[in-house]
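These notes concern the structure reproduced below.
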Amino acid sequence: MHINAERLKASMDQINEIEVTEEGGMNRLALTDSDKQARDLLKKWMEEAGLEVRIDDMGTMYGRRPGTDPNALPVCLGSHMDTQPNGGKYDGLLGVMGPLEVIRSLNDNNVHTKHPIEVINWTNEEGARFEPPLLASGVVAGIFESDWVYGLKSPEGKTYLEELQRIGYQGDRNNRLKNAKALVEMHIEQGPVMEADNQGVGVVKGILGITWLEITIKGEADHAGPSPMSLRHDALMAASKAIVGIRERILRHGDPVVATVGRITTSTSTINIIPGTVTFTLDIRHKDSGALDDLETEVNEVLEQVCQEEGTSFKINRLWNNSPTHFDETVVNTIGEAAKSVGLPDYRIISGAGHDAKYIAEIIPAGMIFVRSMGGKSHCPEELSSWDDIALGTEVLYESVLRLVK
Ligand SMILES: [Zn+2]
C-alpha cells in the first residue's frame with residue numbers, strides 16, 4: 001500500500017467529531033458553523049501538505065499541488081464535506097479526505113507529476129439546507145446561475161450568500177474550476193448492490209437518469225353510502241390500480257430500472273367520501289435516456305387503460321428530468337486498470353444516486369470510485385464502510401492518479 005490508512009482514519013475521525021447528534025449522526029449542514037470548522041481544518045491540512053488553496057465565489061475549496069509542466073491541465077479529485085442533518089460519517093467526507101491522503105502519500109514518496117493535482121470540496125452537495133442539491137458543482141458546470149443560488153434561502157430564512165459571507169468563504173469567480181484533464185470522485189455506494197456482489201471497491205460507469213412525474217387522477221367525489229360500487233368513479237381505486245400496473249411494467253424491465261411512488265394525496269381526507277381527486281408522485285430511474293422516455297410512454301399506457309376501466313381521467317405533470325450520465329471511457333478504464341493493479345477485479349457499477357461528478361462530467365472527463373456500504377445504509381447514523389474497503393478504495397484512487405497525471 002502507498003497510502004496510509006491510519007492517517008486517513010485519524011483525519012476523518014477529527015472532522016467527524018465536529019458536531020455529533022444524540023443518535024451519533026453527523027450534522028454539518030452547508031455553510032453552518034460546523035461546516036466552517038470542517039473547512040478550516042481542511043484548509044490547514046491542505047496548506048500543511050503544500051497545496052495552494054483557493055476559494056471560488058460559491059465557497060468551493062480547491063487545493064492545488066503544482067505539476068512540473070506549468071501548462072498542463074490539473075487532475076481533480078473531490079467530493080463534499082457537508083452532510084444531512086443526522087447524516088453518516090463517510091458520505092462526501094471520504095471523497096475529500098481520500099484525495100488529501102493521496103497527496104500526503106505522494107509527498108511521502110517524493111513523487112512529482114507533470115500535471116497538477118487538485119483536491120476539491122464542493123459546497124452544498126446535499127441540498128439539505130439549500131435546495132436543490134449539487135449547487136456549487138452545478139454552477140461550475142453552467143447548470144445554475146450564481147445569483148440564483150445566492151438568493152436561495154435556508155429553512156431559517158438566511159440566504160446562501162449571507163451564510164457564505166458570514167462563515168468567510170466567499171471567494172472569487174475566477175477561482176472556479178474551468179478545465180481539467182480529468183476528475184475522479186470517490187464516494188461510498190449508499191446502496192446494497194456491492195455488498196450483495198461481495199465487492200469492496202467499484203468502478204462507476206455512470207449515474208442513472210431520473211424523471212419525476214406528478215400524476216393526478218380525477219374521478220367523482222360522492223357519498224360512501226348511497227353510491228353502488230358499479231356506479232362509482234373512485235380516483236383512489238384508479239390510482240391504486242395504476243400504481244400496481246406501473247410496478248408490473250417496471251419489473252418486466254429488470255435491473256437497473258427502479259420506480260418509486262413516494263407521495264400520495266387525496267382531495268378529501270374523509271372516511272365517508274369517495275375520493276374525487278388523487279395525486280401521486282413517481283420517481284423513475286434508468287441508465288439510458290431513451291429507455292427513460294419509453295418508460296414514461298408505458299406509464300401513460302397504464303394510466304389510459306386504468307382510467308378507461310374506472311371512468312376517470314388523468315394528467316401527468318413532469319416535475320423534473322435529469323438525463324443519465326455516462327462517465328468518460330478513458331477515465332473509467334483507467335480506474336479499472338488501477339483496481340487490477342491493486343489486485344482487485346475491475347468491478348463495474350452504476351450509481352443510483354446523484355453526485356457532484358454528474359454535473360462536472362458535462363464539462364470535464366470524469367469518473368467515480370465506489371466503496372462498499374455495509375447494510376446499504378446512508379444519510380443516517382448507521383452509515384458504515386469498513387476501513388479495509390476504504391483503504392483499498394483510496395489505494396485505487398492513488399493508482400488512478402498516477403495513471404492520469406502521465
Ligand atoms: Zn454524497
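Whatever order the structure lists ligands and atoms in, that order sets their numbers, starting from 1. The chain is numbered in sequence order, starting from 1.
Judged as a ring pair (Phe, Tyr, Trp, His ring centres under 6.0 Å), the pairs with a partner in residues 138-190 (not counting sequence neighbours) are, in order, H80-H187, F130-Y160, F144-W148, F144-Y359, H187-H355. Applying the side-chain hydrogen bond (donor to acceptor under 3.5 Å, both in side chains) definition to pairs two or more places apart or across chains, those involving residues 333-345 are N333-R348.
With respect to D57, the side chain to side chain donor-acceptor pair (under 3.5 Å) criterion is satisfied by exactly one of Q170, R173, R176: R176.
Each protein N/O/S atom under 2.8 Å from the Zn ion (ligand 1) was counted, for a total of 3.
With rounding to the nearest 0.5 Å, the separation of CE in M194 from CD1 in I188 is 11.0 Å.
Scanning for side chain to side chain contact (heavy atoms under 4.5 Å, CB included) contacts around E47 gives K43, V53, with sequence neighbours left out.
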Worked verdict on E101 versus R7 for salt bridge (charged side-chain N to carboxylate O under 4.0 Å, His left out): CA-CA 8 Å; E101 177 50 42; R7 181 170 55 192; 2.8 Å; yes

